[in-house]
Amino acid sequence: MSFKSKKIWLDGEMVRWEEAKVHVLTHALHYGTGYFEGIRCYALEDGHSAVFRLDEHMRRFFDSGQILGFPLPYTVEQIKLATLDIIRVNGLKECYIRPLAFVGSGEMGLYAPDNPIHVAIAAWPWGAYLGEEGIKNGIRAKVSSYTRHHVNVMMTKSKVSGNYINSVLAKNEVKKAGYDEAIMLDTEGYVAEASGENIFIIRQQRVKTTPLTSILPGITRDSVLTIARDKEYEVQEERFTRDELYTADEAFFTGTAAEVTPIREVDNRKIGPGCPGPVTLKLQQTFFNAIKGKDKKYKKWLTYI
Ligand code: PPE
């Protein structure tokens, strides 16, 4: 696995990885005025590759621009084709794809309405975000001292680059304390999400996740909710507290990068017996079958390369 590939799509051209550069006075570098997506492409058993839920990622990418007020200077179709092209050009069978739109250089100062909007799409091989071991046996999480954004402080349904300072603070805090991932509470003290994942808990077979208030509307979250409903679990999108998390039978994170990663411990308390539980394993397995094209029911989520 290497964090590199040959080409990056930049403003409509395929440029060499090493040459996809920006000026130091890029507006987004100073003020966080960018937005991005994280998408995965998987190698299937039949030798083909497919992008998972491309249309939903495209929708969210364009929504981010709409929310920020810096719309993409391309059509959905153009960005979609460029996303598929970058995978092909790099000869990647399985990869992570990072589309990024950002305000470029020109005027300095916050108000720079005439600065260009640049768009880049990169793709590279990226393994398990929280480690293979984490996917298998679960990870150790800690509730961060940093609160998730208030819904009128940041636009949390937009994947705005600037939003991620909050996640970086939380992630660095808990990593330095020896944990794998940071869980963040909302401004009222309820569990919101992790630094780069949504969160689920299970108690007495009931599957619960936080509602779409201050969290990013995760596409993996939506996939797992669909799978859970299809498997006839009782599903609730409701706020829950930190103590409800401590006393859950099972818990797991969802995200494009993290996929479905079980949580075995929160704040030094074992969740259930301290290993991935049966509901988590069932949902995780079905999710893995879906992304790999092994489940007919979810083939509609795949865009073949
Ligand atoms: N919440 C946050 C804050 C978040 O960043 C992500 C994705 C999610 C939830 C899950 O959303 P989805 O990927 O649609 O299921 N985080 C991305 C970035 C990770 C990174 O370190 O960069 C990702 O998983 O691609």
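Only a predicted model underlies this, so the values are computations on that prediction, with no experimental measurement involved. Atoms within a ligand are numbered from 1 in the order they appear, just like the ligands themselves.
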Show me which atoms of ligand 1 lie under 4.0 Å from any heavy atom of [X].
X: Lys159; answer: 4 (C), 5 (O), 6 (C), 7 (C), 16 (N), 17 (C), 18 (C)
X: Arg60; answer: 11 (O), 12 (P), 14 (O)
X: Arg148; answer: 3 (C)

Practice problem: Would you tell me which option among His57, Met184, Glu259, Glu193 has the nearest heavy-atom contact to atom 1 (N) of ligand 1? | Solution: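 Looking at heavy atoms only, the winner is Glu193.
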Exercise. Identify which of Gly196, Ser167, Gly255, Ala258 has a heavy atom lying nearest to atom 8 (C) of ligand 1.
Key: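 The residue whose heavy atom sits nearest atom 8 (C) of ligand 1 is Gly196.
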I'd like to know whether ligand 1 has Arg40 as a neighbour, heavy-atom separation below 4.0 Å.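 It does not, in that no heavy atom of Arg40 comes within the 4.0 Å cut-off of ligand 1.
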- Measuring from the heavy atoms of Glu37, does anything fall under 4.0 Å of ligand 1?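 So Glu37 does not count as touching ligand 1.
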Answer with yes or no whether the side chains of [Y] and [X] bring together a donor and an acceptor at under 3.5 Å.
X: Lys93; Y: Tyr42; answer: no
X: Glu259; Y: Thr220; answer: no
X: Arg229; Y: Tyr233; answer: no
X: Asn166; Y: Arg148; answer: yes

Problem - Working for side chain to side chain contact (heavy atoms under 4.5 Å, CB included), residues Leu54 and Leu302 - result: CA-CA 7 Å; Leu54 180 60; Leu302 306 181; over 6 Å; no
Please say which of Lys300, Arg60, Lys80 ends up in a side-chain hydrogen bond (donor to acceptor under 3.5 Å, both in side chains) with Asp55.
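When Lys300, Arg60, Lys80 are each tested with Asp55, the side-chain hydrogen bond (donor to acceptor under 3.5 Å, both in side chains) holds only for Lys80.
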